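In what follows, a structure is listed as C-alpha cells, so that the remarks can point back to it.
Order of listing sets the numbers, starting from 1, for every ligand and every atom in it. None of the values given here were measured: they were computed from a predicted structure.
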Amino acid sequence: MTLILGIESSCDETACAVVRDGREILSSIVSSQINVHTLYGGVVPEVASRIHVENISAVISEALRESGVSMQEIDAVAYTQGPGLIGSLHVGVQAAKTLAFIYSKPLVPVQHLTGHIYANSFVGELKFPLLALVISGGHTELVWMKNDWDYEVIGETCDDAIGEAYDKAARVLGLGYPGGPVMDRMGRQGKEHYHLPTPKTARPYDFSFSGLKTAVLQLVQREEKAGREIIKEDVAYAFQETALGSLVDKTCAAVKEYRPAMLVLAGGVAANSRLREMITERMKEIPDTELIIPPLKYCTDNAAMIGAAGYAAWRHQAFGTWTDSADPGLEMPHNS
Ligand code: KG4
Ligand code: ZN
C-alpha cells in the first residue's frame with residue numbers, strides 16, 4: 001500500500017489530499033478563492049498567492065485529520081510544480097518541501113495537467129494506449145499516452161485555451177467570472193439564432209479559439225449598434241455549439257486515427273454538460289474506445305488528482321530534489 005499526500009496551489013484553489021495506491025481518496029480538501037476573484041472579474045495573481053499563504057497550513061492539517069493518516073505513514077509528498085501562477089505555485093512547493101524535510105519523505109513534483117488526466121483513475125483503471133483531451137482555463141491539448149506516465153502532445157491550441165475563451169465570451173456578455181459554468185447553463189436555454197465562424201487550424205489536431213472570442217465581441221457590438229436586444233442565451237448556445245463542436249470533431253478524428261483503448265476528458269471545461277452529452281453521443285460510433293468522463297468535482301482543480309498522478313510518478317521513480325522550484329511554464333514529461 002502506498003500513501004501519497006498531494007498538494008495543489010497552481011491557480012485559485014488551495015488543496016491537499018491523501019490518496020491510497022493512486023485510486024482511493026482518503027481525503028480531499030479544496031479551499032476555493034473564487035468569491036474573492038469574482039469581485040475583480042478574474043484571478044488576481046498577487047491576491048491569489050496571499051490567500052494560499054493564509055490557507056495552506058489549515059488545508060493540509062484538515063486533509064491529514066480527515067484521512068486518519070499521520071505524516072509518519074505517508075510514503076511521498078507530491079506537489080504541483082507547474083504550470084500555473086508563479087506566486088501561487090511557490091506556496092505549494094514550499095509547503096511540500098517543508099513537510100518532506102521535517103518527516104524525511106521523498107518529494108514528487110507533478111505537472112498540473114498530468115494531474116487532470118490521472119483524475120480519471122478515480123472512475124476506473126486507465127487503459128493504454130490512452131488519448132486525453134485536456135481542456136482547462138490555461139490549456140487545450142490532445143495528449144497521446146502509449147503507456148502509463150508517457151506523454152506526447154499531438155495537438156494544442158494555437159492561441160487561447162478553451163476555458164479562457166469561455167471566460168472572455170462570458171465577460172463580453174456581462175456574465176461575470178468564471179464564465180464556463182454560467183455559459184453552460186445559459187446555452188442550454190438558448191436556441192439556434194446567431195451564427196459564429198468555425199475555427200480553422202493548419203494542423204488537424206490543433207485548436208483555435210481567439211477568433212471565436214472576437215466574433216462574439218463583434219456580434220454583440222453589431223447588435224447594439226443596430227439597436228437590437230442581445231439574446232444572451234442564444235449567444236451562449238452559438239458559442240457552445242461552435243467551440244465544443246470543433247473540440248469534439250477533432251478529438252473523434254484523433255480517436256479514429258490513433259485507435260486508443262481509452263479516451264479520457266480532463267480539466268475544468270470537462271465539467272461542461274453539453275460537451276459531456278456531445279462526446280458521449282459521438283463516441284457511440286467508435287465502440288472499441290472506452291470513454292471516461294471524470295465526475296464534476298474531479299474536473300476542476302483539486303489535490304486528489306495530484307496524489308493520483310504523483311503515484312504514477314512515484315512508481316516511475318520520478319522523484320524531485322531540494323533544488324526544484326516552481327515552474328510556471330512546465331511542460332509535460334516525455335519519456336518515449
Ligand atoms: O482546470 P481548471 O479548474 O483550472 C485550470 O487549470 O485552468 O479550469 C478552469 C476553467 C475556467 O476557464 C472555467 O470557466 C472552466 O474551467 N469551466 C467550465 C465549466 N466549469 C468550469 N467551462 C465550461 N463549462 C463548465 N461547466
Ligand atoms: Zn487545472
Shortest protein contact, atom 7 (O) of ligand 1 (heavy atom only): G137 N, 2.8 Å

Region of M183 that comes within reach of ligand 1 [heavy atoms, distance under 4.0 Å]: neither

A271 near ligand 1 by a heavy-atom separation under 4.0 Å: yes

Close-contact set for ligand 1 against G163 heavy atoms, below 4.0 Å: 12 (O)

Whether D184 side chain and S273 backbone form a donor-acceptor pair below 3.5 Å: yes

Atom indices of ligand 1 within 4.0 angstrom of H112 heavy atoms, with elements: 6 (O)

Atom indices of ligand 1 within 4.0 angstrom of H116 heavy atoms, with elements: 1 (O), 6 (O)

Atoms in ligand 1 with a heavy atom of G138 nearer than 4.0 Å: 7 (O)

Any N, O or S atom of C11 closer than 2.8 Å to the Zn ion (ligand 2): no

With the Zn ion (ligand 2) as the apex, the OD1/NE2 angle for D301 and H112 - to 10°: 90°

Proximity winner for atom 15 (C) of ligand 1, if only heavy atoms of T80, V269, L275 are counted: V269

Heavy-atom closest pair, residues S10 and D301: OG-OD2, 4.2 Å

Proximity to ligand 1 by part of N272, non-hydrogen separation under 4.0 Å: both

Whether H116 has an N, O or S atom under 2.8 Å from the Zn ion (ligand 2): yes

Closest candidate by heavy atom, reference atom 22 (N) of ligand 1, pool S273, P178, G180: G180

Aromatic ring pairing F122/Y298, orientation class (parallel under 30°, perpendicular over 60°, tilted between): tilted

Near-ring test Y311/Y118, centroid separation under 6.0 angstrom: no

Verdict with reasoning, I154 to L131, per side chain to side chain contact (heavy atoms under 4.5 Å, CB included): CA-CA 10 Å; I154 61 163; L131 185 70; 3.9 Å; yes

E13 to ligand 1, any heavy atom closer than 4.0 Å: no

Within reach of ligand 1, part of D167 (heavy-atom separation under 4.0 Å): side chain

Residue T300 vicinity, atoms of ligand 1 by number, heavy atom under 4.0 Å: 3 (O)

